[in-house]
2 protein chains.
Amino acid sequence: MTRDTRSALLDLAERIARSRGFDGFSYADLAEAIGIRTASVHYHFPTKAKLSEALIERYQTSLQNGLAEIEAAHASAGERLKALIALYRGALHDGQTVCLCVAFSTCRESLSDTVIARVGAVRAMVLQWIAETFELGHRDGSVSAIGDPSDEAPATLAMLEGAHLAARTEEDPAVFDAATRLLLARCQ
Amino acid sequence: MTRDTRSALLDLAERIARSRGFDGFSYADLAEAIGIRTASVHYHFPTKAKLSEALIERYQTSLQNGLAEIEAAHASAGERLKALIALYRGALHDGQTVCLCVAFSTCRESLSDTVIARVGAVRAMVLQWIAETFELGHRDGSVSAIGDPSDEAPATLAMLEGAHLAARTEEDPAVFDAATRLLLARCQ
DNA sequence: GTCTATAGAGAGATAGAC
DNA sequence: GTCTATCTCTCTATAGAC
């Protein structure tokens with residue numbers, strides 16, 4: 001059952017990290033919720049630093065798959081951007097959790113340079129995807145009022161992450177909806 | 001010198017909180033930097049909760065003044081929005097500090113409901129100001145491509161806060177500049 | 001207002017038995 | 001893989017002297 005315990009720990013740690021931050025839980029919290037002792041948690045993840053690396057690596061893969069699925073499911077830029085907004089909206093879970101990049105950004109000092117670099121890599125990946133989508137939008141006309149895609153991408157990602165942050169603070173997904181309404185309206 | 005010590009503590013605590021988060025410093029850190037003992041810090045702020053309240057209250061006043069100064073200095077909506085972007089850009093301090101709302105949003109669990117409510121009040125204040133500015137832009141024509149001001153405002157604030165977060169993670173103000181370029185270009 | 005001294009809790013982590 | 005037991009460190013906070 002090693003695999004199961006490890007997966008369960010990762011699932012739980014990700015959920016709490018995205019809800020309360022990486023400093024917002026201890027090995028004691030994980031142990032109690034899973035039903036083992038802290039020493040056993042250390043068996044799976046010798047240090048909290050190792051745990052943070054495992055979390056961000058798994059998250060990158062997961063997000064990469066999410067973006068690929070959107071591309072597979074939607075042909076137009078407008079539909080893809082709508083799906084991206086829906087992806088972030090879903091990641092909110094009733095205003096209780098933000099995306100892991102936002103959560104880790106806010107706990108910068110507790111994380112290793114390796115992990116922070118990986119957060120940057122995840123952001124770069126999403127930025128690239130958004131920029132390409134806006135470029136497609138330029139060609140297929142499914143997004144209105146497009147500026148330079150290399151300007152639209154960072155503005156869009158910042159808006160999505162900022163919307164996550166505010167919605168989490170208020171514990172209200174409607175805050176996210178308000179922030180994304182304008183972009184949504186630009187998508188056909 | 002009570003007033004001086006208290007002010008020095010507030011200044012220091014705000015700087016660290018905006019850099020490392022509210023959980024990112026201890027009374028021992030404050031004491032060492034100021035040159036007193038932790039017990040003396042407790043004299044000025046009996047609990048960390050009291051300190052957090054003092055921080056957000058002072059911050060609200062400060063931000064309110066900042067917005068008022070922008071209104072006094074600039075007549076057009078475009079100029080005012082440009083000044084708002086500059087205000088947030090200045091608050092970055094070379095990518096080392098985010099605005100206190102962002103910092104406190106990310107330490108949600110460590111803060112009292114009172115403080116979280118105050119963070120919401122600060123955001124509401126800025127939202128109101130931005131919405132009014134976009135309304136002015138509608139009338140004076142100094143901002144291009146304006147959607148519904150009540151949609152522009154939350155999108156703009158989310159973008160500014162998200163840009164702060166990403167720039168802080170990368171420790172690079174250029175990340176903020178990239179995210180705000182599009183809005184800046186809309187301002188005459 | 002600042003100090004010494006200390007309480008009390010919780011954190012991350014390890015050794016070694018089973 | 002999980003356990004008991006324990007270490008060391010840091011944190012917030014308080015009592016009481018000066």
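The analysis underlying the following values was restricted to heavy atoms, covering all of them including side chains, and did not include hydrogens, waters or symmetry mates. Convention: sequence-line order gives letters A, B, ...; per-chain numbering from 1.
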Counting heavy atoms from C-beta on, name the nucleotide in [options] closest to the side chain of [X].
X        : options                  : answer
Arg37(B) : dT4(D), dT2(D), dC3(C)   : dC3(C)
Ser40(A) : dT2(C), dA13(C), dC3(D)  : dC3(D)
Ala28(B) : dC11(D), dA13(D), dA5(D) : dC11(D)
His42(B) : dT2(C), dT14(D), dC3(D)  : dT14(D)
Ile36(A) : dC3(D), dG12(C), dC3(C)  : dC3(D)

**Residue met sooner reading DNA chain C from 5', once Ala39(B) and Asp29(A) are mapped to nucleotides** = Ala39(B)

**Message:** Please tell me whether Tyr59(B) and Met125(B) are part of a single hydrophobic cluster in this structure, the criterion being side-chain heavy atoms less than 4.5 Å apart.
**Reply:** yes

Measure from [atom1] on [X] to [atom2] on [N] and round the result to the nearest Å.
X        : N       : atom1 : atom2 : value
Tyr27(B) : dA9(C)  : OH    : P     : 20 Å
Phe22(A) : dG12(C) : CZ    : C1'   : 11 Å
Leu30(A) : dG12(C) : CG    : P     : 9 Å
Ile16(B) : dC11(D) : CD1   : P     : 11 Å
Ile34(A) : dT2(D)  : CD1   : C1'   : 14 Å
Leu51(B) : dT12(D) : CG    : C1'   : 12 Å
Glu32(A) : dT2(D)  : CD    : P     : 17 Å
Asp23(A) : dT10(D) : CG    : P     : 16 Å

**Prompt:** With Ser112(A), which residues qualify under side-chain contact (heavy atoms from CB on, under 4.5 Å), at least two apart?
**Reply:** Glu53(A), Thr114(A), Val115(A)

**Prompt:** Any side-chain N or O of Thr5(A) under 4.0 Å from OP1/OP2 of dT2(D)?
**Reply:** yes

**Prompt:** Counting N and O atoms only, with roles assigned by atom type, does the side chain of Asp29(B) sit under 3.5 Å from a partner on the main chain of Ser26(B), one being a donor and the other an acceptor?
**Reply:** yes

**Request:** Identify the heavy atoms of Phe134(B) and Arg186(B) that sit nearest to each other, and give their distance.
**Result:** CE2-NH2, 3.9 Å

**Asked** Reckon Phe25(B) touches a base, only the sugar-phosphate, or nothing at all at heavy-atom distances under 4.0 Å?
**Response** sugar-phosphate

**Asked** Which is true for Ser26(A) with a 4.0 Å heavy-atom rule: it touches a base, it touches only sugar-phosphate, or it touches nothing?
**Response** sugar-phosphate

**Item:** Result of checking Leu9(B), Val41(B), Leu30(B) against Leu51(B) for side chain to side chain contact (heavy atoms under 4.5 Å, CB included)
**Value:** Leu30(B)

